[in-house]
Amino acid sequence: MVLFMKSSNFRIVPLATEIAVTARRMAASGAPDHVMVIANSPNGFPCRHCLRWARPDERMILFPYAAIPAGHPYSESGPIFVHAEPCERYGATDKYPANFRKGRVMRAYNVNYDMIDAEVVNGSEPEAIIEKLLQKPETAFVDARSVTHGCYTFRVHRL
Ligand SMILES: [Zn+2]
């Protein structure tokens, strides 16, 4: 008997490395909207570049990121963290990041950046919600955000 692994139909898109590098440089140059903070809880400081929670005492850069660019009704800029030290960009892009299986909401957007649907990951499998949202033909991408703080976490594209 031959078994086939069911492969995902999505691709996780972590924050671009250039954005993390620029954020570290701007924090080092003293930009007032890029601040260095020390993580002081195990599940409060998600790095958008390596897609894991900072360990307590790790240094993080906090800065604003426009997940939905300006010029649209749903334009949105909000605070995100990246590690202050260089970290490896999340590479398992066919796998949902293990650190964020709880406390996320999935928002589906169309090509015009209009939010067309949203669903909270509430005890269910995030992969199933992503697949459902991507099945809508008008869905261009899905954004994972914090269900409590609203902050952008990562993007999901169709394969
Ligand atoms: Zn990181």
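Source: prediction; values computed, not measured. Atoms within each ligand, like the ligands themselves, are counted from 1 in listed order. Throughout, numbering of the chain's residues begins at 1 and tracks the sequence.
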Practice task
Return the orientation label for the Tyr96 and Phe154 ring planes: parallel under 30°, perpendicular over 60°, tilted otherwise.
Solution key: perpendicular
Practice task
Could you tell me if the ring centre of Tyr74 sits under 6.0 Å from that of Tyr113?
Solution key: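 That pair fails the under 6.0 Å test.
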Exercise for the section: Can you measure from SG (Cys47) to NE2 (His49) and round to the nearest 0.5 angstrom? Expected result: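 It is 7.0 Å, given to the nearest 0.5 Å.
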Handout entry: Other residues, nucleotides, ligands: >12 heavy atoms within 6.0 Å of His157 NE2
Key =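 Correct, the count exceeds 12.
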Exercise for the section: Begin with the C-alpha distance, continue with both residues' side-chain angles, and end with the deciding distance and a verdict on side chain to side chain contact (heavy atoms under 4.5 Å, CB included) for Phe63 and Val82. Expected result: CA-CA 9 Å; Phe63 66 103; Val82 294; 3.8 Å; yes
Exercise for the section: Say whether Thr153 and Arg48, considering side chains only, have a donor N or O and an acceptor N or O under 3.5 Å apart. Expected result: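 Per modelled atom types, Thr153 and Arg48 side chains form no pair under 3.5 Å.
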Exercise for the section: Using 2.8 Å as the cut-off, note every protein N, O or S atom close to the Zn ion (ligand 1). Expected result: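 Protein N/O/S atoms under 2.8 Å of the Zn ion (ligand 1): Cys47 SG, Cys50 SG, His83 ND1, Cys87 SG.
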